[in-house]
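Below you'll find the structure, written out as structure tokens, and then a few comments.
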Amino acid sequence: MKGSRMRGGRTLFAIAGLLAAAAATVASPPPAYAAASCASPPEQTQPIRAVPWAQRWFASDRLVPITDGRGVVVAVIDSGVDARHPQLRGRVLPGKDFLDPGPGNDGRLDCVGHGTAVASIIAATKTEGMGLRGIAPGAEILPVRVSEQEVINGEASGRTVSPARFAEAIRWAADHGADVLNLSVVLYEDVPAVREAVRYAIAKDVVVVAAVGNLHQQRDPRPYPAAYDSVIGVGAIGQDGLREEFSQVGSYVDIVAPGGGVTVATPGRGHAIESGTSYAAPFVSAAAALIRRLHAGLSAADVRRRLEATADPSPGGRDSAAYGAGVVDPYRAAVDLIGSSQVNRPAPLPPPRVDPAAAAARARSERARERALWFALAGAAAAALATLGSVVLPSGVRRRWRPATAGRAAARRAAAHRTAAHPTSPRA
């Protein structure tokens, strides 16, 4: 993939991923069992202390208490990965070298730095004096070395494997524990062997993530593997949230991620600033690793749906040719609750266990409450009957069972009559 950094006044395009743009370049056969080494050791760079804009954008520290991708294996099929970098130490598994095959060559050599850069976006650990931190720092990287090709000032140099060997590398990764497959490389020809290898990985429930390419100014030639069904094609945005001008546009763009001015690790212990859809793809691979850790029961297809369903809005709107579903959001992808039609339903809760002793105690308590209620009702009824016998009955007898109001009215009329017959004498 095409990425850029300023180094000594030159613009360097890292591992063109063109794996030969016409899919025709074949590496010269290496000597049998030759120990892999770099003809020109990678240039050493200095660590960058500032927190990169992409990590600030995602506020990646808030994910740490929830999930870090621990136990998930992300295969990086690229230029190899430098396992000695302080931020990748202990995170890089022994892999395989398809460029220089041999018993001692395990993919943990990177002569151009591209694969190390990709791996650091996924799994770089927090280290004193270094601002970079991977989105899934608990994930393990499985390095698969297929190229050391660079393009400088439009001129390609360096070796890369044939498309057939590239297809073998994909199958090898799928067979050796990869949960997520990051392909920051591009072919601009539909090679049947590669197509079948990708289909093989997807059938093994591997999440396949691929860069969509950087040839927008060249009329967006169709990129593979990104254009294959079920592969998550990733485009690049910059700090302003807009598509980077090189990022290709087409139906193969499923989602976008930071890919302009991205801080990455370089072989040794330093960092560099790179641009390209190569560096957007690993942000999505890392988000997939977080999902696979937190939602272990989800299939690869479910992971893809979750990534797209939780993507943040983009200027292109939903499902646009430039932005796909929108901007990947690792936090929402990991923790959001989304519809059951988009992911597998969780297993039902087991029925509650019944404690016979506790159930018997509850039954006794319930019976005691019922008896107390009946006793209270019986007491209230007895009190009512007693009142009836001592007050109501005698009063009724005295009134000869006439209404009390009628008796009082008759008494008032009799008193008035007596007053009229015997008026009271006035006082002196």
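Here, residue 1 is the first one in the sequence, and each next residue gets the next number.
- For Arg292, the salt bridge (charged side-chain N to carboxylate O under 4.0 Å, His left out) partners two or more places apart in sequence, or in a different chain, are Asp205.
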(message) Please evaluate residues Val146 and Thr160 with respect to the criterion side-chain contact (heavy atoms from CB on, under 4.5 Å), reporting the C-alpha separation (whole Å), side-chain torsions for both, the decisive distance (0.1 Å), and the verdict.
(response) CA-CA 6 Å; Val146 295; Thr160 187; 5.6 Å; no
(request) Give the intermediate values and the outcome of side-chain contact (heavy atoms from CB on, under 4.5 Å) for residues Val328 and Val256. (result) CA-CA 6 Å; Val328 67; Val256 294; over 6 Å; no
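- A donor-acceptor contact closer than 3.5 angstrom is absent between the side chains of Ser79 and Ser147.
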(request) Any chance you could lay out the side-chain contact (heavy atoms from CB on, under 4.5 Å) test for Leu181 and Val207, step after step, and finish with the verdict? (result) CA-CA 6 Å; Leu181 187 58; Val207 178; over 6 Å; no
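- Judged by distance alone, the side chain of Asp97 and the main-chain N or O of Asn105 form no donor-acceptor pair under 3.5 Å.
- Under a 3.5 Å cut-off, the side chain of Asp220 and the backbone N or O of Val249 do form a donor-acceptor pair.
- Under the rule for a salt bridge (charged side-chain N to carboxylate O under 4.0 Å, His left out), the partners of Asp336 that lie at least two apart in sequence or sit in another chain are Arg332.
- With hydrogens and angles disregarded, no donor-acceptor distance shorter than 3.5 Å links the side chain of Asp78 to the backbone of Val118.
- In this structure, Val144 and Ala173 approach most closely via the heavy-atom pair CG2-CB, 4.3 Å.
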(request) I would like to know whether Ile273 and Val262 meet side-chain contact (heavy atoms from CB on, under 4.5 Å); could you show each step before the answer? (result) CA-CA 5 Å; Ile273 307 298; Val262 175; over 6 Å; no
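- For the pair Tyr323 and Ile255, the minimum side-chain heavy-atom distance is 4.5 Å or more.
- Asp100 places a side-chain heavy atom less than 4.5 Å from the side chain of Arg159.
- Between Ser120 and Ala265, the shortest heavy-atom contact is OG-N, 3.0 Å.
- Residue Leu183 holds its CG atom at 5.0 Å from CD1 of Ile77, rounded to the nearest 0.5 Å.
- No more than 12 heavy atoms of other residues, nucleotides or ligands sit less than 6.0 Å from atom CD of Glu245.
- At least one side-chain heavy atom of Val81 sits less than 4.5 Å from a side-chain heavy atom of Leu88.
- From Ser285, atom OG reaches atom CD1 of Ile121 across 10.0 Å, with rounding to the nearest 0.5 Å.
- How far CD1 of Ile122 is from CD1 of Ile135: 10.5 Å, rounded to the nearest 0.5 Å.
- Enclosure of atom CG in Asp240 by more than 12 non-hydrogen atoms of other residues, nucleotides or ligands within 6.0 angstrom is indicated.
- We find the CD-CG distance between Glu308 and Asp319 to be 7.5 Å, quoted to the nearest 0.5 Å.
- Partners of Glu244 according to the side chain to side chain donor-acceptor pair (under 3.5 Å) rule, which considers only residues two or more places apart in sequence or in another chain, do not exist here.
- Neither side chain, Glu148 nor His114, offers a donor N or O lying under 3.5 Å from an acceptor on the other.
- Annotation: side chain to side chain donor-acceptor pair (under 3.5 Å) contacts of Asp106 (sequence neighbours excluded): Arg108.
- Counting all heavy atoms, side chain and backbone alike, Leu132 lies closest to Gln87 at O-NE2, 2.7 Å.
- Residue pairs meeting the ring pair (Phe, Tyr, Trp, His ring centres under 6.0 Å) criterion with at least one member in residues 196-225, sequence neighbours excluded, are Tyr224-Tyr228.
- Side chains of Pro258 and Tyr279 form no contact here, defined as non-hydrogen atoms less than 4.5 Å apart.
- Using a 3.5 Å distance cut-off with no hydrogens or angles, the side chains of Asn182 and Ser184 do pair a donor with an acceptor.
- Taking the charged nitrogens against the carboxylate oxygens, Asp179 and Arg293 have no contact shorter than 4.0 Å, which rules out a salt bridge.
- By the side chain to side chain donor-acceptor pair (under 3.5 Å) test, Arg165 pairs with Glu168, sequence neighbours left out.
- Salt bridge Asp110/Arg145: absent, no basic N to carboxylate O contact under 4.0 Å.
- Looking at every heavy atom in both residues, Asp329 comes nearest to Thr310 through CB-O, 3.7 Å.
- Distance check: Tyr188 OH to Gln218 CD gives 8.0 Å after rounding to the nearest 0.5 Å.
- Side-chain contact between His271 and His85: present, with at least one pair of heavy atoms (C-beta onward) separated by less than 4.5 Å.
- What you find for Val92 and Ala83 is that their closest heavy atoms are CB-CB, 3.8 Å.
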Determine all donor-acceptor pairs shorter than 3.5 Å in which one atom belongs to a side chain in residues 62-69; sequence neighbours excluded.
from  : atom 1 : to    : atom 2 : distance (Å)
Thr67 : OG1    : Gly69 : N      : 3.4
Asp68 : OD1    : Arg70 : N      : 2.9
Asp68 : OD2    : Arg70 : NH2    : 2.9

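- The two residues Gly235 and Ala280 come nearest to each other via the heavy atoms O-CB, 3.4 Å.
- Identified under the disulfide (SG to SG under 2.5 Å) test for residues 107-147, with sequence neighbours left out: Cys38-Cys111.
- Contact check for Arg305 versus Leu298: no side-chain heavy atoms found under the 4.5 Å cut-off.
- Between the Glu140 side chain and the Val73 main chain, no donor and acceptor come within less than 3.5 Å of each other.
- Annotation: Arg49, atom CZ; neighbour count of heavy atoms from other residues, nucleotides and ligands within 6.0 Å does not exceed 12.
- For Lys204, the NZ atom sits in a packed shell: over 12 heavy atoms of surrounding residues, nucleotides or ligands are nearer than 6.0 Å.
- Judged purely by atom type and a 3.5 angstrom limit, Arg243 uses its side chain to pair as donor or acceptor with the backbone of Ser247.
- Between Met130 and Pro86 there is a side-chain heavy-atom pair separated by less than 4.5 Å.
- Taking the side chain as every heavy atom from C-beta outward, Trp53 and Thr263 never approach each other to under 4.5 Å.
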(request) Report the C-alpha separation of Arg222 and Asp190 in whole Å, then their side-chain angles, then the decisive distance to 0.1 Å, and conclude whether the salt bridge (charged side-chain N to carboxylate O under 4.0 Å, His left out) test is met. (result) CA-CA 9 Å; Arg222 195 163 183 81; Asp190 182 4; over 6 Å; no
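- Pairs of residues two or more places apart, or lying in two chains, that qualify as ring pair (Phe, Tyr, Trp, His ring centres under 6.0 Å) and include a residue from residues 280-320 are Phe58-Phe283.
- There is no side-chain donor-acceptor pair under 3.5 Å between Asp82 and Thr116.
- Residue pairs meeting the disulfide (SG to SG under 2.5 Å) criterion with at least one partner in residues 224-335, sequence neighbours excluded, do not occur; the list is empty.
- Residues passing the side-chain contact (heavy atoms from CB on, under 4.5 Å) test with Ala193, sequence neighbours excluded: Ala167, Val191.
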(message) I'd like to know whether Glu196 forms a salt bridge (charged side-chain N to carboxylate O under 4.0 Å, His left out) with Arg199, so could you lay out the CA-CA distance, the side-chain angles of the two residues, the decisive distance to 0.1 Å, and finally the verdict.
(response) CA-CA 5 Å; Glu196 290 305 312; Arg199 187 177 298 167; 3.0 Å; yes
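- Not a single ring pair (Phe, Tyr, Trp, His ring centres under 6.0 Å) links Tyr331 to another residue, sequence neighbours left out.
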